[in-house]
Student: 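Have a look at the structure that comes next, please.
Throughout, residue positions are numbered sequentially from 1 according to the sequence presented. When reading the values below, keep in mind they use all heavy atoms of this one structure, side chains included, and skip hydrogens, waters and symmetry mates.
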Amino acid sequence: MKVPFLDLNRIHQPLHKEIMERLDEHVRKNDFILGNAVEEFEKEFANYCGTAYGISVANGLQALEIILRAMNIGKDKEVITVANTFNATVASIVSVGATPILVDTKEDFTIDPSLIEQKITSKTKAIMPVHLYGQICNMDEITTIAKKYNLYVIEDACQSHGAMYKNKRAGNLGHAAAFSFYPGKNLGAFGDGGFITTNDEELAKKIKMIRNYGQSKKYYHDIPGLNSRLDTMQASILRIKLKNLDKWNYERKKLAEKYISSLRDLVSVPENSLDRDHTYHLFVIRTNKRDALMNYLKERGVDSGLHYPVPIHLQKAFDYLGYKIGDFPKSESYANTILSLPIFPGMTEKEIDYVIDQIKNFFNDSLK
Ligand SMILES: *Cc1c(COP(=O)(O)O)cnc(C)c1O
């Protein structure tokens, strides 16, 4: 049997006709840039997250970058984030000229709030927590620190569409949040896309200008800006897909529950804490036999992944920050022991049972 890591066809097949009809309409009307569909989607996704404002942008990296620009965070400023994340989190800080200050992660793969305070200096402007794999960070602890030092909280919500913390959604837990609609995310476009949520009216206005050449109206440029618009066709696709997001997240959760109850005696599994609703963008286990298990699964037709094989502070691009091996022991040890198992809406009972059986076989075999 073959089990893919992710099969987007199963997500898109039932929506294919509706989407194609909508795209055809865009072509017939030449409706491509910042049309009605963009505005409608912005309202709908902001509403979904529970925020007053929503601005669509070109991708998740630029969502983070535009938030930082709108907050005037640049040269000689510092932003605190986690060593265990996807490159874009840190790349956004670098791209505005600020300095990323890293801290280690903890068992749930999110930033360890107990390590933040010691990294705060007079240059610190913001904390950028990452809701990695669809699991919300401990936002109460982070918010308390941010308030004490008057810092912005910028959520990297690029992996956590729909995830909840104490009945509030990702995107509504700080001053502003960034989402990505990269095709493989829980809510994905047919290409790149991104989004910013906030409850701050001034910030929202500025963000909206920055994403469209700094214009207050056409050809009147008030501030330096970017071209970072979401394509109108992508907005239409996302409007159709958004209606299914809760259903898809529920499917992921059911699959995760099955993995957890079947595997918890063999490997370390992600636990869903009571005050958080994990949406399992990725389902990540930990085991010391990671490489052998990954190969074993591959030989038996099961695709798995590594998110991420090298923590930020050991990436060549960030050599100049001056970190070294041993600086973030948890992030380093996780990079060597994590394994992401297949999880996606439409994954069948047979497939997940097969994956679980192969993992059980692996540990039985390795005991022999
Ligand atoms: C995907 C992702 C991003 C960036 O999104 P793009 O749309 O690919 O630019 C940022 N942060 C995290 C944690 C991500 O997973």
Side-chain angles (χ1 to χ4, degrees), residues 8 19 22-23 26-27 30-46 48-49 51 53-71 73-74 79 85-98 128 130-131 154-161 170-171 176-198 203-219 221-242 245 281 317:
L8 287 176
I19 289 175
R22 199 65 55 84
L23 296 186
H26 282 285
V27 174
N30 295 306
D31 178 14
F32 301 126
I33 303 283
L34 295 183
N36 180 256
V38 171
E39 256 174 55
E40 290 301 315
F41 175 66
E42 287 177 341
K43 275 186 228 153
E44 287 161 5
F45 193 61
Y48 177 83
C49 297
T51 59
Y53 307 97
I55 306 99
S56 58
V57 295
N59 56 59
L61 168 63
Q62 287 191 342
L64 289 165
E65 182 187 338
I66 291 170
I67 293 169
L68 291 165
R69 280 182 177 236
M71 290 172 172
I73 297 173
V79 178
T85 184
F86 175 62
N87 170 281
T89 314
V90 179
S92 74
I93 300 167
V94 172
S95 76
V96 298
M128 191 181 276
V130 184
H131 309 316
I154 304 165
E155 295 171 76
D156 181 339
C158 289
Q159 296 191 4
S160 59
H161 317 67
F179 289 89
S180 163
F181 302 126
Y182 177 83
K185 304 283 162 109
N186 287 26
L187 180 62
F190 286 8
D192 280 311
F195 204 87
I196 298 166
T197 51
T198 182
L203 201 64
K205 266 192 204 155
K206 210 167 159 192
I207 287 166
K208 213 168 164 170
M209 281 202 268
I210 295 174
R211 72 113 185 245
N212 193 21
Y213 292 115
Q215 296 176 117
S216 50
K217 58 181 182 185
K218 202 164 187 181
Y219 304 133
H221 307 264
D222 295 5
I223 50 176
L226 301 171
N227 174 358
S228 185
R229 301 172 301 224
L230 178 71
D231 288 343
T232 315
M233 281 184 165
Q234 301 295 356
S236 271
I237 294 164
L238 289 163
R239 288 187 75 195
I240 293 168
K241 290 186 74 176
L242 176 58
L245 178 59
H281 170 59

Student: If we only count heavy atoms from C-beta on, is the M128 to T85 side-chain gap below 4.5 Å?
Tutor: no
Student: Roughly how far, to the nearest 0.5 Å, is the CD1 atom of I207 from the CD1 atom of I196?
Tutor: 4.5 Å
Student: Does E39 pair with K43 as a salt bridge, N-O distance under 4.0 Å?
Tutor: no
Student: Compare every heavy atom of L61 with every heavy atom of A88, then report the nearest pair and how far apart it is.
Tutor: O-CD1, 3.5 Å
Student: Taking atom CD1 of I210 and atom CD1 of I223, what is their separation to the nearest 0.5 Å?
Tutor: 4.5 Å
Student: Distance from F195 atom CZ to C49 atom SG, nearest 0.5 Å?
Tutor: 7.0 Å
Student: How close do A63 and A178 get, heavy atom to heavy atom, and via which atoms?
Tutor: CB-CB, 3.6 Å
Student: Does the pair S236 and H26 meet the rule for a side chain to side chain donor-acceptor pair (under 3.5 Å), with working shown?
Tutor: CA-CA 9 Å; S236 271; H26 282 285; 2.6 Å; yes
Student: Measure the shortest side-chain to side-chain distance between D31 and M233 over non-hydrogen atoms and say whether it is less than 4.5 angstrom.
Tutor: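 No, too far: nothing below the 4.5 Å cut-off.
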Student: Kindly compute the distance separating CG (L187) from OH (Y48), expressed to the nearest 0.5 Å.
Tutor: 8.5 Å
Student: Classify the angle between the aromatic ring planes of F179 and F45 as parallel (below 30°), tilted (30 to 60°) or perpendicular (above 60°).
Tutor: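 Rings of F179 and F45: perpendicular, over 60°.
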Student: Would a line drawn from the ring center of Y219 to the ring center of Y213 be shorter than 6.0 Å?
Tutor: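 No, the ring of Y219 stays outside the 6.0 Å limit from the ring of Y213, centre to centre.
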Student: Has the side chain of K241 got a donor or acceptor atom that lies under 3.5 Å from a matching backbone atom of G188?
Tutor: yes
Student: Quick check: do T51 and T198 have side-chain heavy atoms less than 4.5 Å from each other?
Tutor: no
Student: Distance from I237 atom CD1 to R22 atom CZ, nearest 0.5 Å?
Tutor: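 Reported to 0.5 Å precision, the distance equals 10.5 Å.
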Student: So do the side chains of R229 and N227 get within less than 4.5 Å of each other, counting heavy atoms only?
Tutor: yes
Student: So do K185 and C158 actually touch side chain to side chain, heavy atoms under 4.5 Å?
Tutor: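 The answer is yes; the side chains approach within 4.5 Å.
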Student: Quick one about H131 and E155 (side-chain donor to acceptor, distance below 3.5 Å, no hydrogens or angles considered), yes or no?
Tutor: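 There is such a pair (donor and acceptor under 3.5 Å, judged by atom type) between the side chains of E155 and H131.
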Student: Contact between L230 and V57 at the side-chain level, heavy atoms closer than 4.5 Å - yes or no?
Tutor: no
Student: Would you find a donor on one side and an acceptor on the other, under 3.5 Å apart, between the side chain of T232 and the backbone of F32?
Tutor: yes
Student: Side-chain donor-acceptor pair under 3.5 Å between H161 and N186, yes or no?
Tutor: no
Student: Are N59 and Y182 close enough that some pair of their side-chain heavy atoms sits under 4.5 Å apart?
Tutor: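 Of all side-chain heavy-atom pairs linking Y182 with N59, none is under 4.5 Å.
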Student: Using a strict threshold of under 4.0 Å (side-chain N to carboxylate O), is an ion pair present between R211 and E42?
Tutor: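 Yes, charged N to carboxylate O under 4.0 Å.
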Student: So, taking the atom named CD1 in I66 and the one named CG in L203, what distance separates them when rounded to the nearest 0.5 Å?
Tutor: 11.5 Å
Student: Going through the distances and angles, do H281 and S160 end up as a side-chain contact (heavy atoms from CB on, under 4.5 Å)?
Tutor: CA-CA 7 Å; H281 170 59; S160 59; over 6 Å; no
Student: Quick one: closest heavy-atom pair of I67 and A176, and the distance?
Tutor: CG2-CB, 3.8 Å
Student: Looking at Q215 and N212, would you say the former's side chain and the latter's main chain have a donor-acceptor pair under 3.5 Å?
Tutor: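 A pair under 3.5 Å: yes.
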Student: Any idea which heavy atoms bring A177 and G171 closest together, and the distance?
Tutor: CB-CA, 3.4 Å
Student: Closest approach of Q62 and S228, non-hydrogen atoms and distance?
Tutor: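 That closest heavy-atom pairing would be OE1-OG, 2.5 Å.
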Student: Any side-chain heavy atom of V130 within less than 4.5 Å of one from Q159?
Tutor: no
Student: Test side-chain contact (heavy atoms from CB on, under 4.5 Å) on F181 and Q234; report intermediate values, then the result.
Tutor: CA-CA 9 Å; F181 302 126; Q234 301 295 356; over 6 Å; no
Student: Can you name the closest pair of heavy atoms from G60 and S180 and give their distance?
Tutor: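 For G60 and S180, the tightest heavy-atom pair comes out as CA-CB, 3.9 Å.
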